[in-house]
Visitor: 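My questions will all concern the structure given below.
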Protein chains: 2
Amino acid sequence: MKVSERKRIDIPGLADGVFPAQCPSRTLLDHVTSKWGVLVLLALGIDTMRWSELRRCIEGISEKMLAQTLKTLEADGLVRRVAQPVVPPHVEYNLTAEGRELHDRLRPLMEWVAANADRIIEG
Amino acid sequence: MKVSERKRIDIPGLADGVFPAQCPSRTLLDHVTSKWGVLVLLALGIDTMRWSELRRCIEGISEKMLAQTLKTLEADGLVRRVAQPVVPPHVEYNLTAEGRELHDRLRPLMEWVAANADRIIEG
DNA sequence: CCGCATCCCTCCCGATACTG
DNA sequence: CAGTATCGGGAGGGATGCGG
């Protein structure tokens, strides 16, 4: 067995789809783990929210990045945009079924991070 | 109740430590969900690896980013660097107990991403 | 209230070359 | 083998202003 093959990634249940450079997993992974993507998914997992609520809730996000993030996640079918044709506009965002599946798997991670951050980062 | 307070984040089990802008959670979150951080943690969760094995295994990572990522994760106490004073140098990387805890929570997420990426990203 | 467009700048990251 | 040093391009992201 050659050295280059010794540590080939072959994870049971993770059918070598994460590491190859040009695979969809990398793209989706980048969207989901993007700086703001995680926080948006986490926020919407708690409750349906309006644009301005998201802005307040996710402290530090700019309008540009909120728009960009929402658009990406919507295109990925993880977030649903519900617009009501009234004046002034009333738009809500919530998770699709797939977005919720993702949220459920993101949640334990976030809880661990929240619980351990103080100790790890110069608490 | 003012509008600005309506959707205050108060997640049971996630003691509002993720959303505030200047909190350690954000920092740790950025490290963990960084483009290469996830992949390094995932790879080391499978097995101890040497530098060159990581380079091959995480397709597309540059030496600079591998060094930077490993250094950050090591400083966070998630990755352990084991160097043996021989010539040529022999260095191995593996997860600390905390790194493994994190890996265990990262794993379901990665498996879901791997399983659903094709369908979501222009499958 | 909910966005889109534009400018502009920082700093992330890749490429390359070099060392112990 | 296991890194460090340096440089430069380009994307990420903030600020501002406009439109429906």
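Every value quoted in this text rests on a predicted model; they were computed, and no experiment measured them.
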Visitor: Mark yes or no for whether A:Arg100, through its side chain, and A:Gly45, through its backbone, hold a donor-acceptor pair below 3.5 Å.
Guide: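 Side chain of A:Arg100 to backbone of A:Gly45: a pair is present.
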
Visitor: Can you measure A:Leu39 atom CG to D:dG13 atom C1' for me and round it to whole angstrom units?
Guide: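 Roughly 15 Å, once rounded to whole Å.
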
Visitor: Okay, side chain of B:His90, backbone of B:Gln84: is any donor-acceptor separation there less than 3.5 Å?
Guide: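 Side chain of B:His90 to backbone of B:Gln84, a donor-acceptor pair under 3.5 Å: no, none is there.
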
Visitor: Determine the contact category for A:Arg81: base if any of its heavy atoms lies under 4.0 Å from a base atom, sugar-phosphate if only primed atoms, P, OP1 or OP2 are that close, otherwise nothing.
Guide: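 Here A:Arg81 touches the backbone only, sparing every base.
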
Visitor: Measuring to OP1 and OP2 of D:dA15, would you say a side-chain N or O of A:Ser62 lies under 4.0 angstrom away?
Guide: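 No, because none of the side-chain N or O atoms of A:Ser62 sits under 4.0 Å from OP1 or OP2 of D:dA15.
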
Visitor: B:Lys35 or A:Tyr93: which one's nearest nucleotide on DNA chain C is closer to the 5' end?
Guide: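 Mapping each residue to its closest nucleotide by heavy atoms, the 5'-most match is A:Tyr93.
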
Visitor: Among D:dA2, D:dG20, D:dG13, which is the nearest nucleotide to the side chain of B:Pro89?
Guide: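 Side chain of B:Pro89 sits closest to D:dA2.
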
Visitor: Rounded to the nearest angstrom, tell me the gap between atom CG in A:Leu66 and atom C1' in D:dA15.
Guide: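 Between C1' of D:dA15 and CG of A:Leu66: 16 Å.
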
Visitor: Between protein and nucleic acid, restricted to nucleotides 4-6 of chain D and to nitrogen or oxygen atoms under 3.5 Å apart, what atom pairs and distances do you find?
Guide:
{"residue": "D:dT4", "atom": "OP1", "partner": "B:Lys71", "partner atom": "NZ", "Å": "3.4"}
{"residue": "D:dT4", "atom": "O4", "partner": "B:Glu63", "partner atom": "OE1", "Å": "3.3"}

Visitor: I need the CD1-C1' distance between B:Ile61 and D:dG3, as an integer number of Å.
Guide: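 Nearest whole value for this atom pair: 14 Å.
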
Visitor: Report the distance from atom CG of A:Leu95 to atom CD of A:Glu101, rounding to the nearest 0.5 Å.
Guide: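 CD of A:Glu101 is found 11.0 Å from CG of A:Leu95.
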
Visitor: Measure CZ/A:Arg55 against P/D:dG14 and give the value in whole Å, please.
Guide: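 One finds 10 Å between P of D:dG14 and CZ of A:Arg55, rounded.
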
Visitor: Which distance, rounded to the nearest 0.5 Å, do you find between the CH2 of A:Trp112 and the OG of B:Ser25?
Guide: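 Answer rounded to 0.5 Å: 11.0 Å.
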
Visitor: Nearest 0.5 angstrom please: A:Thr48 OG1 to A:Arg80 CZ, how far?
Guide: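 A:Thr48 atom OG1 to A:Arg80 atom CZ measures 8.5 Å (nearest 0.5 Å).
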
Visitor: Under the 3.5 angstrom rule, does the side chain of A:Glu111 hit a backbone N or O of A:Pro108 as a donor-acceptor pair?
Guide: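 Checking the backbone N and O of A:Pro108 against the side chain of A:Glu111, no donor-acceptor pair under 3.5 Å is found.
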
Visitor: Which atom pair, heavy atoms only, marks the closest approach of B:Leu28 to A:Asn116?
Guide: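 Shortest heavy-atom separation between B:Leu28 and A:Asn116 comes out as CD2-C, 4.5 Å.
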
Visitor: What are the bounds, 5' to 3', of the part of DNA chain C that sits under 4.0 Å from heavy atoms of chain B?
Guide: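 Both ends considered, the range comes out as C:dC13 to C:dG20.
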
Visitor: Please state how far atom CD in A:Gln68 lies from atom P in D:dA11, giving the value in whole angstrom units.
Guide: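 Atom CD in A:Gln68 sits about 13 Å away from atom P in D:dA11.
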
Visitor: Is there a donor-acceptor contact under 3.5 Å from the side chain of B:Thr96 to the main chain of B:Gly77?
Guide: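 Here the side-chain-to-backbone pair exists.
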
Visitor: For D:dC1, does either OP1 or OP2 sit under 4.0 Å from a side-chain N or O belonging to B:Arg50?
Guide: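 No, because none of the side-chain N or O atoms of B:Arg50 sits under 4.0 Å from OP1 or OP2 of D:dC1.
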
Visitor: Report yes or no: does B:Arg81 contribute a side-chain atom to a donor-acceptor pair with the main-chain N or O of B:Glu74 at less than 3.5 Å?
Guide: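 Looks like no, no N/O pair under 3.5 Å.
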
Visitor: Considering all heavy atoms of both residues, which atom of A:Leu54 and which atom of A:Tyr93 are nearest to each other, and what is their separation?
Guide: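 The answer is CD1-CD1, 4.1 Å.
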
Visitor: Looking at every heavy atom in both B:Leu102 and B:Leu78, which two are closest together, and how far apart are they?
Guide: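 For B:Leu102 versus B:Leu78, the nearest heavy atoms are CD2-CD1, 3.8 Å.
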
Visitor: For DNA chain C, what is the dot-bracket line, given that a base pair needs Watson-Crick (N1 to N3, plus N6-O4 or O6-N4) or G-U wobble (N1-O2 and O6-N3) geometry with both distances under 3.5 Å, and | means paired with another strand?
Guide: ||||||||||||||||||||

